[in-house]
J.: 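Got a structure here, written out as structure tokens. Questions coming.
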Amino acid sequence: MTSLSADDSYLDHYGFSHDPFAARVPGFKFFPAQRKPVLGQLHHLARYSQLLLVVTGPEGSGKTLVRQALVASSNKQAVMSVVITPQGTADSSAVLQQIGQALNIQHADFDGVMAQIVQLALTGQEVYLLVDDAEQLTGAAVETLLRLAAGSPEARPHVFLFGEDSLVSRLEALVEGEERFHVIALQPYEEDETREYLAQRLEGAGAGLETLSEEQIARIHEQSGGWPGAINLVAREELIEAIKHSKTRKATKGWPFPLPMRHLLAVLAVLCIIAVAFLLRGGEDEPEVQTNTPLALGNAPRSAPESAAGPVTPPESPSKIEFETPAAAANTDSARTAAVEPAEDVSEENSASITHQDGAAPSPAVTQKEAPAPVAQPAPEPVVPETHAPKTPEVVRPAAQPAPGAPAASAHSAWYAEQGGNRYLVQILGTRTEKNAQALVAQRGSDYRYFVKEHEGKPLYVVTFGNFANRAAALAAIKTLPAALQSGKPWARSFASVQKEMRK
């Protein structure tokens, strides 16, 4: 299993080309702003100081990356870099042997190494001795490196030790108070640097920072302490844990009540009893209307049967419009999303209508029983259907409105697909509501666009800014954004990652 391999389901679930949080990813380089002064200080001390230089930090703090950057930024024509990596505990002879092999020395003892360093100095070449995992050196090996760092009047090598904090106490015991070494302690990443580190790791694997939620990013930074090695471990655990939760949700999706069978049967029995009682109650209401109708007709004059029947049936029609239609509309998904505000307005009108009817008479049935004689008066009855009839389209119309903005998303999608995959943009924000993305794009101008992708089973509308030749240009553009947008922590990403998300 190579350093880039991982469980197939883990890679397939997120669409990674490799494990983004593997310990060693070839070609990955992340050097935050806080580490650049450390690199400059090492170069300065190597040039003007005769002290052995020590870079300390816990395991996974990025010491090896600093060492690699030091070698890469050195003048290759003027500096010969010798990297020593102890394999387990390394004593003095093992260290001298590795140095001798790098300098082509047959007799790799202290004097032979110093003689070769003097010869190289005469030709204008300096020697950098860089030791990784220096805490694995024995006391004799550390003392030999201190002697080499002191050098001779003719020349001296520049010795750099990269190790954990325990190395410092051992050096202090050897020098006995003399000033023979200088310590530089690495600092953990800030939360913004952790975010940028995660984004670069994920982009290298063909994904983006949106793979992680804001809660996950905050949790990764807190649990890792900002150290890159721990960030890799915690981030990978978060992604695997998210897969487990996703599988659990899918397994329980068809069984929303994880109850024992006998309890479930008891619940179903109660629901059946309630349903039967509701149906019986509904059946008892109908005979009440039917028995009232003949009484009203019997008390009314024979010469006006139409006016007697009029007040019985019209109140039922507006009653159904007032109460049944909004309830039915509220049970649909479209009414919940597209008609929230109109539904509130209609409910206020309905409550006003109910108040008016309550003030006039408690209910149509009670009116017929208490005052059958005024049934023959036709004047006030036609007013009821005329007042409530226009309210039916007010309830139904908002639910029938189509979702806005779909053509705009398609137009932007075509633009994203036309761009080169190696170019970069700035991701501003993601929102579940398309009209929010449309409003931001319309407010900010033509450099702002948005695309739609699927995130956690739902559409997510992602607003972006600009089109840049490389990642450095995109990062520089972030600093020019308005303060309101910068507060949302925008970040640079490639068009290739956007196009991949859109294809999904």
Side-chain angles (χ1 to χ4, degrees), residues 36-56 63-87 89-163 167-185:
K36 293 179 181 178
V38 174
L39 186 61
Q41 189 177 5
L42 289 173
H43 279 299
H44 177 81
L45 292 172
R47 183 174 182 180
Y48 297 106
S49 171
Q50 296 184 354
L51 302 175
L52 180 145
L53 302 177
V54 184
V55 178
T56 65
K63 299 184 294 294
T64 299
L65 186 59
V66 174
R67 190 264 299 164
Q68 292 172 345
L70 180 61
V71 173
S73 58
S74 300
N75 187 343
K76 302 299 184 295
Q77 296 179 348
V79 175
M80 176 180 289
S81 297
V82 179
V83 178
I84 303 168
T85 304
Q87 302 297 326
T89 303
D91 58 11
S92 178
S93 60
V95 171
L96 290 173
Q97 187 67 31
Q98 290 191 44
I99 298 173
Q101 290 177 356
L103 299 179
N104 296 320
I105 303 173
Q106 293 182 353
H107 302 289
D109 55 10
F110 181 84
D111 294 335
V113 169
M114 281 302 306
Q116 183 65 14
I117 290 172
V118 171
Q119 289 297 321
L120 291 172
L122 294 176
T123 63
Q125 273 197 320
E126 295 183 293
V127 176
Y128 280 11
L129 302 178
L130 307 102
V131 184
D132 257 344
D133 301 326
E135 69 276 358
Q136 299 184 18
L137 298 173
T138 63
V142 174
E143 188 172 3
T144 297
L145 290 170
L146 281 169
R147 290 177 59 198
L148 288 172
S152 66
E154 293 83 8
R156 54 178 292 275
H158 303 283
V159 182
F160 305 84
L161 303 184
F162 299 84
L167 179 63
V168 177
S169 59
R170 296 171 58 193
L171 285 166
E172 290 175 346
L174 289 172
V175 300
E176 297 179 348
E178 296 182 24
E179 188 178 1
R180 297 176 61 184
F181 67 92
H182 179 77
V183 180
I184 299 175

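None of the values given here were measured: they were computed from a predicted structure. All residue numbers in this chain count up from 1 along the given sequence.
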J.: To check you understand the geometry: which heavy-atom pair defines the closest contact between A90 and A141, and what is its length?
T.: O-CB, 3.6 Å
J.: Would you say CD of Q41 has more than 12 non-hydrogen atoms from neighbouring residues, nucleotides or ligands within 6.0 angstrom?
T.: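 Yes, enclosed.
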J.: Taking all atoms of both residues into account, what is the closest heavy-atom pair of P157 and M114, and its distance?
T.: CD-SD, 4.3 Å
J.: For a side chain to side chain contact (heavy atoms under 4.5 Å, CB included) check, start with the C-alpha distance between L70 and V55, then their side-chain angles and the critical distance, and finish with the verdict.
T.: CA-CA 12 Å; L70 180 61; V55 178; over 6 Å; no
J.: How many angstroms lie between CD in Q125 and CG in N75, if you round to the nearest 0.5 Å?
T.: 9.5 Å
J.: Would S49 and H158 count as a side chain to side chain contact (heavy atoms under 4.5 Å, CB included) here? Give the steps.
T.: CA-CA 9 Å; S49 171; H158 303 283; over 6 Å; no
J.: Among T144, L129, V127, L96, whose side chain to side chain contact (heavy atoms under 4.5 Å, CB included) with V113 holds?
T.: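 Only match with V113 under side chain to side chain contact (heavy atoms under 4.5 Å, CB included): L96.
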J.: Work out which heavy atom in S93 is nearest to a heavy atom in D91; give both atom names and the distance.
T.: OG-OD1, 3.1 Å
J.: For the residue pair A155 and A121, what are the closest heavy atoms and their distance?
T.: CB-CB, 3.6 Å
J.: For the atom pair CG (L53) and CZ (F162), what is the distance rounded to the nearest 0.5 Å?
T.: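 Reported to 0.5 Å precision, the distance equals 8.5 Å.
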J.: Given F160, which of L45, L130, V66 fulfils the side chain to side chain contact (heavy atoms under 4.5 Å, CB included) condition?
T.: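 Among L45, L130, V66, the one meeting side chain to side chain contact (heavy atoms under 4.5 Å, CB included) with F160 is L130.
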J.: What residue pairs, at least two apart or across chains, pass salt bridge (charged side-chain N to carboxylate O under 4.0 Å, His left out) with a residue in residues 136-155?
T.: none
J.: List the steps and the verdict of side chain to side chain contact (heavy atoms under 4.5 Å, CB included) for L120 and L103.
T.: CA-CA 10 Å; L120 291 172; L103 299 179; 4.0 Å; yes
J.: Give me each pair satisfying salt bridge (charged side-chain N to carboxylate O under 4.0 Å, His left out) with a member in residues 120-139, each pair once, sequence neighbours excluded.
T.: R67-D132
J.: Would you give the length of the straight line joining atom CG of L161 to atom CG of L145, rounded to the nearest 0.5 angstrom?
T.: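 Rounded to the nearest 0.5 Å, the CG-CG separation comes to 6.0 Å.
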J.: Let me see the working for V183 and L171 under side chain to side chain contact (heavy atoms under 4.5 Å, CB included), right down to the final yes or no.
T.: CA-CA 10 Å; V183 180; L171 285 166; 5.8 Å; no
J.: Any salt bridge (charged side-chain N to carboxylate O under 4.0 Å, His left out) pairs touching residues 175-185, not counting sequence neighbours?
T.: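 Listed by first then second residue: nothing to list.
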J.: If you take all heavy atoms of I117 and R156, which pair is closest and at what distance?
T.: CG2-C, 4.2 Å
J.: Parallel, tilted or perpendicular, judged at 30° and 60°: which one describes the rings of H44 and Y48?
T.: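 Ring orientation, 0 to 90° scale: tilted.
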J.: How far does CG of L167 sit from CG of L137, to the nearest 0.5 angstrom?
T.: 7.5 Å
